[in-house]
J.: 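Pasting a structure below so you can have a look.
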Amino acid sequence: MTTIVTPTQPIDGQKPGTSGLRKKTPVFMAPGYVENFVQSIFDGIGGAEGKTFVVGGDGRYFNDSAIGTIIRMAAANGAVRVIVGQGGLLSTPAASHLIRKNKTDGGIILSASHNPGGPTADFGIKFNIPNGGPAPEKVTEAIFAATTSIRTYRISDVAAPDLSVLGLSDVDGMTVEVIDPVSDYAELMGTLFDFDAIKALFGRGFTMCFDAMHAVTGPYAHAILEKTLGAAPGTVINGVPSPDFGGGHPDPNPVWAKELVDIMMAETAPDFGAASDGDGDRNMIMGRGQFVSPSDSLAMLTANATHAPAYAQGLSGVARSMPTSQAVDRVAVDLGIESYETPTGWKFFGNLLDAGRATLCGEESAGTGSNHVREKDGLWAVLLWLNILASRDQSLAEISAEHWAKFGRNYYARHDFEAVDTARANDLVDTLRAALPSLVGQTFGPFTVASGTNFSYTDPVDGSVSDNQGLIVAFDGGSRFAVRLSGTGTEGATIRLYLESYMAPEGDLTLPVDEALSEIVAVAYDIIDLVVKTGRTEPDVVT
Ligand code: G16
């Protein structure tokens, strides 16, 4: 029953990136590492005294142990209540919902998202604020500042409760409530979508495959898709969360979700396929024989959102991250609503959602969501698609073909160059930034450069400015590429090259994506001087 005040020293590098602090698991397991960062979260938000928090994670290796430490530290810092998912599990969108529903003072989410898990893989911790969303930069900066001046952390010597048992317990005067991770979230989904229409769709023999990738969405997908909506047993594959995600990489893209891709490309493919990532905030959407790019999915969901009860009155606006294709902008023009372009990172959507200026948001990195929570939400996207498919009673192929025939098609891909030497990656970006003004007006192959931009964002709600958020080279006619360094990698630098080629409705809308992009890929590699700057000739991952 004692709070122990433990002397400590600042640990270098505890700076949150695009989405919290992500490092190799052994780094987090080093003595004092979690303790220093968690104490800095509490210090950075003005203390934990009298506060309530949601705590949960994606179940990856070290999740349970870190949660035990967080519970004991919350108690020692004077928190009054912690709500934890059973087994330490909470999907990121479910955690966001619980923070909002219970009006807590925020939440601590343990995840490295789509990065692999295990003793030598990746781990992460992030703090979400009371609106349910990732901490904005001014909060992460305060947390980081606390990590650089920390001298002590506080921890209770009372053991954390058994997280497998539902119910209330007491840790040093603080209440710990272990809850079912699925039920509140499933109830929320039932308020947004026409579950009867989706049930009727499955009743008509509609088939789907949902790949939970051995990650957190397994229990959610079993409960909602199979038990509630009547999808056939076996619809959910890889549905049991495991600490190392079955040895895989829980990233829902055509590279890492190959099992799903093979199923969807087979003669016997179901009507609809989807996957989600480690912590359940990302989604991948497929039709029979067809991959839908996240940027196209955002555009098509925006164009069709009124089929779902939650959005039947229309959307107030839509927002996309800068590297996301401009497909949704064309839909916004057609709907007569505002379209916002933000930096990469879901945290930049928070103010727009809170202010009611955007209803739907999305990112090229397989994230889509709405104002129902303040995180992107993988299963939500799947359910919105199902609602639209049920309501329109058309196949995904028919819906996407009609969409492109009306708006044209933004062929899109992202090339990732991973674990690049940091100095070389910085040099590539610095050189391109310096060259931007001189590129304008130059012609490369079939493209003439219309503009070169070092992307900066001024938040229209609070006026905060975020500079240096990526470089954009735009061409006459709507095609463009963008370059930035990832803020979620854990090894060297990851260069992300985003490529987009616009085809007007009267052009060929059925080209293979790599063929449609071949010219812009060559031009982009040339302009950024990829081979000389990095020694690489090919991307590690294309999504
Ligand atoms: C996080 C952020 C996203 C971002 C993605 C990739 O997603 O929440 O907003 O698009 O990382 O970021 P970067 O390009 O900097 O690696 P997640 O799913 O990893 O939390």
Side-chain angles (χ1 to χ4, degrees), residues 15-23 57-58 60 90-93 95-96 109-117 121-128 132-137 140 213 215-217 245 249-253 256 275-284 294-295 298 319-325 341-350 352-353 361-369 373-381 414-420 425 429 455 457 466 468-471 482-498 539-541 543:
K15 187 173 174 55
T18 307
S19 186
L21 185 66
R22 289 192 193 163
K23 300 282 176 193
D58 61 13
R60 68 181 58 225
L90 280 179
S91 79
T92 292
S96 180
I109 301 176
L110 296 89
S111 171
S113 189
H114 51 290
N115 296 7
D122 292 346
F123 196 77
I125 298 184
K126 73 171 178 172
F127 180 71
N128 280 30
E137 283 185 332
T140 55
M213 304 191 83
V216 78
T217 48
F245 307 115
H249 201 129
D251 193 352
N253 63 42
W256 296 113
S276 192
D277 70 333
D279 61 331
D281 56 1
R282 296 186 175 206
N283 72 89
M284 177 169 95
S295 297
L298 173 65
R320 63 166 174 84
S321 64
M322 178 278 280
T324 305
S325 97
E341 184 178 43
T342 64
T344 294
W346 202 263
K347 59 194 172 197
F348 291 103
F349 296 134
L352 296 170
L353 293 166
C361 304
E363 297 189 281
E364 52 69 37
S365 56
T368 341
V373 290
R374 292 295 180 272
E375 288 278 4
K376 53 191 186 275
D377 188 344
L379 264 173
W380 168 90
R414 186 179 91 190
H415 289 195
D416 289 344
F417 305 87
E418 295 175 346
V420 176
V429 171
F455 183 62
Y457 179 65
S466 302
N468 295 319
Q469 295 295 325
L471 307 176
V483 180
R484 58 181 281 283
L485 301 183
S486 162
T488 57
T490 56
E491 198 182 339
T494 295
I495 299 171
R496 300 211 195 281
L497 174 62
Y498 310 89
D540 296 288
V541 181
T543 53

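All residue numbers in this chain count up from 1 along the given sequence. Counting convention: from 1, in listed order, for ligands and their atoms alike. From a predicted model like this one, the values you see are computed outputs, not experimental measurements. These values consider heavy atoms only, across backbone and side chains, with no hydrogens, waters or symmetry-generated copies.
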J.: Any heavy-atom pair between the side chains of D281 and S113 that's under 4.5 Å?
T.: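 The answer is yes; the side chains approach within 4.5 Å.
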
J.: Relative to the heavy atoms of G487, which atoms of ligand 1 are at a distance of less than 4.0 Å?
T.: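 In order of numbering, the contacting atoms are 13 (P), 15 (O), 16 (O).
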
J.: Tell me which one of R282, E375, E364, K126 gets a heavy atom nearest to atom 6 (C) of ligand 1.
T.: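 Residue with the shortest heavy-atom distance to the ligand atom: R282.
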
J.: Measure the spacing between CZ of R374 and SG of C361 and express it to the nearest 0.5 Å.
T.: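 Spacing of CZ (R374) from SG (C361) equals 8.5 Å.
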
J.: Under 4.0 Å, heavy-atom basis, I'd like to know which part of T92 is in contact with ligand 1: side chain, backbone, both or neither.
T.: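 No part of T92 comes within reach of ligand 1.
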
J.: I'd like to check whether S486 has a polar contact with ligand 1, where a contact means an N/O of the residue lying under 3.5 Å from an N/O of the ligand.
T.: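 For ligand 1, there is an N or O atom that lies under 3.5 Å from one belonging to S486.
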
J.: Which residue, E363, E341, R414, forms the side chain to side chain contact (heavy atoms under 4.5 Å, CB included) with T324?
T.: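 When E363, E341, R414 are each tested with T324, the side chain to side chain contact (heavy atoms under 4.5 Å, CB included) holds only for E363.
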
J.: Need the ligand 1 atom indices (1-based, order shown) with element for anything under 4.0 Å from a heavy-atom of G345.
T.: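 Listed by number with element: 9 (O).
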
J.: For ligand 1, which atoms, with element, lie under 4.0 Å from some heavy atom of R496?
T.: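 Numbered from 1, ligand 1 contributes 13 (P), 14 (O), 16 (O).
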
J.: What protein heavy atom is closest to atom 11 (O) of ligand 1, reported as residue, atom name and distance in Å?
T.: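 Of every protein heavy atom, T488 CG2, 3.4 Å lies nearest to atom 11 (O) of ligand 1.
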
J.: Identify, for atom 2 (C) of ligand 1, the protein heavy atom at the shortest distance, and state residue, atom and that distance.
T.: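 Going atom by atom, the protein heavy atom closest to atom 2 (C) of ligand 1 ends up being K376 NZ, 3.6 Å.
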
J.: Quick check: do V541 and E418 have side-chain heavy atoms less than 4.5 Å from each other?
T.: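 V541 reaches E418 side chain to side chain.
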
J.: How are the rings of Y457 and F348 set to each other: parallel, tilted or perpendicular (split at 30° and 60°)?
T.: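 Perpendicular, since the angle between the ring planes exceeds 60°.
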
J.: Could you tell me, atom by atom, which parts of ligand 1 come under 4.0 Å of a heavy atom of T18?
T.: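 Heavy-atom distances to T18 below 4.0 Å select 2 (C), 4 (C), 11 (O), 12 (O), 13 (P), 15 (O).
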
J.: Any atoms of ligand 1 less than 4.0 Å from a non-hydrogen atom of E363? List them with their elements.
T.: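 The atoms of ligand 1 under 4.0 Å from a heavy atom of E363 are 3 (C), 4 (C), 9 (O), 10 (O).
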
J.: Which of the numbered atoms in ligand 1 are below 4.0 angstrom from a heavy atom of H114?
T.: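 Reading through ligand 1 atom by atom, the close ones are 19 (O).
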
J.: Distance under 4.0 Å to a non-hydrogen atom of S113: what atoms of ligand 1 satisfy this?
T.: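 Numbered from 1, ligand 1 contributes 17 (P), 18 (O), 19 (O), 20 (O).
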
J.: For residues R496 and P323, determine if any side-chain heavy atom of one lies less than 4.5 Å from a side-chain heavy atom of the other.
T.: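 With C-beta onward as the side chain, the pair stays apart.
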
J.: Can you tell me the protein heavy atom closest to atom 20 (O) of ligand 1 and the distance?
T.: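 Here the nearest protein heavy atom works out to R22 NH2, 2.8 Å.
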
J.: What I'd like to find out is whether the side chain of M322 reaches to under 4.5 Å of the side chain of Y498, using heavy atoms alone.
T.: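 Result no, sub-4.5 Å side-chain heavy-atom pair not found.
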
J.: For ligand 1, which atoms have a heavy atom of S365 less than 4.0 angstrom away?
T.: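 Near S365, the atoms of ligand 1 are 4 (C), 5 (C), 10 (O).
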
J.: I need the minimum non-hydrogen distance between E375 and I109, along with the two atoms involved.
T.: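 Distance-wise, the nearest heavy atoms are OE2-CD1, 4.3 Å.
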
J.: Is it the case that atom CH2 in W380 sees more than 12 heavy atoms from other parts of the structure closer than 6.0 Å?
T.: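 Result for CH2/W380: enclosed.
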
J.: What is the minimum heavy-atom distance between S325 and S295, and which atoms define it?
T.: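 Reported closest heavy-atom pair: N-OG, 3.0 Å.
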
J.: Are R484 and ligand 1 in contact, using a heavy-atom cut-off of under 4.0 Å?
T.: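 R484: in contact with ligand 1 (<4.0 Å).
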
